[in-house]
2 protein chains.
Amino acid sequence: MRVAVLGGDGFCGWPASLHLSDLGHTIAIVDNLSRRQIDKELGAESLTPIATMGERLAAWQETSGKSIEFHNLDIAQDYAELAEFISTFRPDAVVHFAEQRAAPYSMKNHATKRYTVDNNVRATHNLLVAIVESGLDVHVVHLGTMGVYGYGTAGMKIPEGYLDVQVASESSEPLSQQILYPTNPGSVYHMTKVLDQHLFAYYAKNDELRITDLHQGIIWGTNTPQTLRSERLINRFDYDGDYGTVLNRFLMQAAVGYPLTVHGTGGQTRAFIHIRDMVTCIQLALENPPAKGERVKIYNQMTETHRVRDLAELVARLSGAQVAYVPNPRKESAENELYVSNDTFLDLGLHPTRLEEGLLQEVEDVARKYAHRADRSKIPARSLWTSAQAAGVPDSEK
Amino acid sequence: MRVAVLGGDGFCGWPASLHLSDLGHTIAIVDNLSRRQIDKELGAESLTPIATMGERLAAWQETSGKSIEFHNLDIAQDYAELAEFISTFRPDAVVHFAEQRAAPYSMKNHATKRYTVDNNVRATHNLLVAIVESGLDVHVVHLGTMGVYGYGTAGMKIPEGYLDVQVASESSEPLSQQILYPTNPGSVYHMTKVLDQHLFAYYAKNDELRITDLHQGIIWGTNTPQTLRSERLINRFDYDGDYGTVLNRFLMQAAVGYPLTVHGTGGQTRAFIHIRDMVTCIQLALENPPAKGERVKIYNQMTETHRVRDLAELVARLSGAQVAYVPNPRKESAENELYVSNDTFLDLGLHPTRLEEGLLQEVEDVARKYAHRADRSKIPARSLWTSAQAAGVPDSEK
């Protein structure tokens, strides 16, 4: 299969590109290297040492014998180049990771809010328009987020994208309908994935594009079998307050002897998936496209749920670190339950990597190994969700 | 009240600005004059002669004794200037009309699709961010569209923005929830108003912005009591295939002796409202803002529904014109019913102008009076909704 990976230099895009290349697919990475640029803007850096794209691709060629094309272009800004790429590379599928993906970064200030919306909406819409214009039958696989659902589901199991409802009608019988699950995003970033859903629904209906949208949980883990083949292939490990996911932050804090900072009561329940399972899910999605004219396929891409305080306690137990409870900079419920349906990927053959099995290896092979590269000042989350919250959060945590 | 009217040079924005100024409010118009620019791009022109903004404002000053500020700025592109304007003018309310509003234009080609999404999403999002940044308590009144609902409502009456549903739960009792009405937009333009809804829902929740979203039907009529005070105050009358609404197109065709072109069977049922009632609705919305922290208020801004073929027959009867049925360039149902709840505005005191009463005046005072200015070549709709439709539409109608 010819697969274009948009955002193929990023945390998910890079290991997905290698996994698909390893399977024998012809891969072209399209990326404007914006994630490296944002590191510079934030004065942050991946804990793991990231090679340049040139070094990465050379290392992959050496270790696998396979070559991957790279196109440095900004799909949100350079529509003509994107359209030219689509009509020249003629992909069977496009995996679309090319969006700003950090909720705290999206809430930092007016510029990051606007960048997140402008970049993400334009990237997605330009891609859809370019595919329509090309006249090619290209399957789009998009990385969405579990965060579009919101977390207030009143004990109900979250289905995969669509919800069965009954609507009262003028006649006696209520109407049964299946609707896009009503959304409740918790940040500007999450909101952009809601907007994406509506772009997809429209283009699947009007132009019969074939689209799969993956509602992903929080990724944990750093490497895949492919990224472990050379240190030049190593994947990102972000631990800063903006881009570090909750588990990475805990691992890093444990490795450098910093207390594990839990926001609020830590009663937030979140969905997780290992990065190795993520790349398998991308493969499975590519192998099972919707038919032309079918509505958008939506899968929940997660394998287990945990409360944040339970995660902190697990990492503390494995590492001997302390847990510190601090005020929550986010506007969210203090405690929530979360039940998620993820039958599609399990039925397609996914065998999840369980957190209890893989976490210790992550502590030792990544967090402790590269702890000397850590900048402790970058760990706290500094973005506040609303101006009212400035009052409740101590200066050290803003 | 201090009211900023974004898009105050447009078909709805201009008469709304004059109506609000006439009521004694302090008005600032913000507009980049993009509608005039698109006329040049399309080689089209309003049937009625539109004065420059300078002439319009001078005429308003002469006839009313009131002055209106004008700021020529592009709120989608010039965020810093928009933010400066908000913090300097300190509006109590902003009426947001500043979006590309023609469905056929939004479907013309890749550039107009992208312009419509980029412009409309950025305009709305920049406004919301600028208000949050300003720290001011500003009520946002936005012009949305009935088209977000789609037209496949299976005999159900369309409520005002929110739908009561029952969801099966794990326990025995189904859960009752009220959700944002599931959307089904019929064009890229209509889709942008769906995206707007999600931007509004998020900022009303996270930042407690006070927002009213008006789901408007198709406007008919040209002038209001204010725009009739001088020919220099006259409002637009678009009759071209891109910007002309269906009724204006019929009126124009009748006035120049061109057959009234009905797309498909003309069985499409649509919602309508007179431009005089629109300006009253804007006033009523401004006078009845939601409370801080309340969800977005959504009103259906329409007063009657008609089938397109019935409208054609009505105009034909009034004018003696012929009706011609041509293939439909849009991807839409050939026939649909439409029942709409519009109780809020009726309860607030709106007395609708009925089509049967006002249409003849429109034929005589606008269409016939300015018929000598018409360019017949601009009347047909040329945008095709999908590439597949190119086959079914005769060249003369593309």
Side-chain angles (χ1 to χ4, degrees), chain A residues 76 79 83 107 109-111 113-114 116-118 121-122 124-126 128-130 132-133 135 154-157 163-171 174-175 177 179-188 190-192 194-195 197-199 201-203 205-208 331 339 385-388, chain B residues 76 79 83 107 109-111 113-114 116-118 121-122 124-126 128-130 132-133 135 154-157 163-171 174-175 177 179-188 190-192 194-195 197-199 201-203 205-208 331 339 385-388:
Chain A
Y79 175 78
M107 302 303 289
N109 56 49
H110 72 87
K113 287 176 190 178
R114 290 167 43 241
T116 302
V117 169
D118 295 352
V121 172
R122 290 180 74 149
T124 298
H125 190 240
N126 279 353
L128 297 172
V129 172
V132 170
E133 284 286 303
M156 210 185 68
K157 195 166 186 176
L163 181 66
D164 291 310
V165 299
Q166 300 266 317
V167 183
S169 76
E170 309 291 293
S171 61
L175 296 167
Q177 297 200 318
I179 61 171
L180 202 57
Y181 194 98
T183 52
N184 188 20
S187 75
V188 167
H190 292 100
M191 182 186 67
T192 63
V194 172
L195 305 184
Q197 281 201 285
H198 291 280
L199 292 168
Y202 178 75
Y203 280 92
K205 179 184 69 165
N206 194 71
D207 299 281
E208 300 192 344
K331 183 166 180 170
Y339 306 102
W385 255 237
T386 70
S387 53
Chain B
Y79 175 78
M107 302 304 288
N109 56 48
H110 73 86
K113 287 177 188 177
R114 291 168 43 241
T116 302
V117 169
D118 294 352
V121 172
R122 290 180 75 148
T124 298
H125 190 239
N126 280 353
L128 297 172
V129 171
V132 170
E133 284 288 302
M156 209 185 68
K157 194 165 185 176
L163 180 67
D164 291 310
V165 298
Q166 301 265 316
V167 183
S169 76
E170 310 290 293
S171 61
L175 296 167
Q177 299 200 317
I179 62 172
L180 201 58
Y181 194 97
T183 52
N184 187 21
S187 75
V188 167
H190 292 98
M191 183 185 66
T192 64
V194 172
L195 304 184
Q197 283 200 284
H198 291 280
L199 293 167
Y202 177 75
Y203 280 91
K205 179 183 68 164
N206 193 72
D207 298 283
E208 301 192 344
K331 182 166 180 170
Y339 306 102
W385 256 237
T386 68
S387 53

For A:Gln197, which atoms come within 4.5 Å of any heavy atom of chain B: side chain, backbone, both, or neither? neither

Top contributor to chain B interface from A:Lys331, A:Gln166, A:His110 [non-hydrogen pairs under 4.5 Å]: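 Of A:Lys331, A:Gln166, A:His110, A:His110 has the most heavy-atom pairs under 4.5 Å with chain B.
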
Could you tell me which of B:Ala168, B:Ala111, B:Gly186 has the largest number of non-hydrogen atom pairs under 4.5 Å with chain A?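 Looking at each of B:Ala168, B:Ala111, B:Gly186 in turn, B:Gly186 comes out on top.
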
For chain A, the option from B:Asn126, B:Leu180, B:Val121 that forms the most heavy-atom pairs under 4.5 Å: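 Among B:Asn126, B:Leu180, B:Val121, the one with the most close pairs to chain A is B:Asn126.
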
Output, in order, the C-alpha distance, side-chain angles, deciding distance and verdict of side chain to side chain contact (heavy atoms under 4.5 Å, CB included) for A:Gln177 and B:Val165. CA-CA 10 Å; A:Gln177 297 200 318; B:Val165 298; over 6 Å; no

Show the nearest heavy-atom pair for residues [X] and [Y], with the distance to one decimal.
X        : Y        : result
B:Val167 : A:Leu163 : CG1-CD1, 3.8 Å
A:Tyr202 : B:Val188 : OH-N, 3.5 Å
A:Lys113 : B:His125 : O-CE1, 3.3 Å

If you measure from NZ on A:Lys205 to OG1 on B:Thr386, what distance do you get to the nearest 0.5 Å?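 Here the rounded value is 12.5 Å.
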
At what distance, to the nearest 0.5 angstrom, does CD of A:Glu133 lie from CZ of B:Arg114?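 The CD atom of A:Glu133 sits 9.5 Å away from the CZ atom of B:Arg114.
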
Part of B:Thr183 lying under 4.5 Å from any heavy atom of chain A: side chain

Do A:Asn206 and B:Met107 have side chains that get closer than 4.5 Å, going by heavy atoms?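 The answer is yes, as the side chains (C-beta and beyond) meet within the 4.5 Å cut-off.
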
Step-by-step side chain to side chain contact (heavy atoms under 4.5 Å, CB included) determination, B:Leu195 to A:Leu199: CA-CA 8 Å; B:Leu195 304 184; A:Leu199 292 168; 4.1 Å; yes

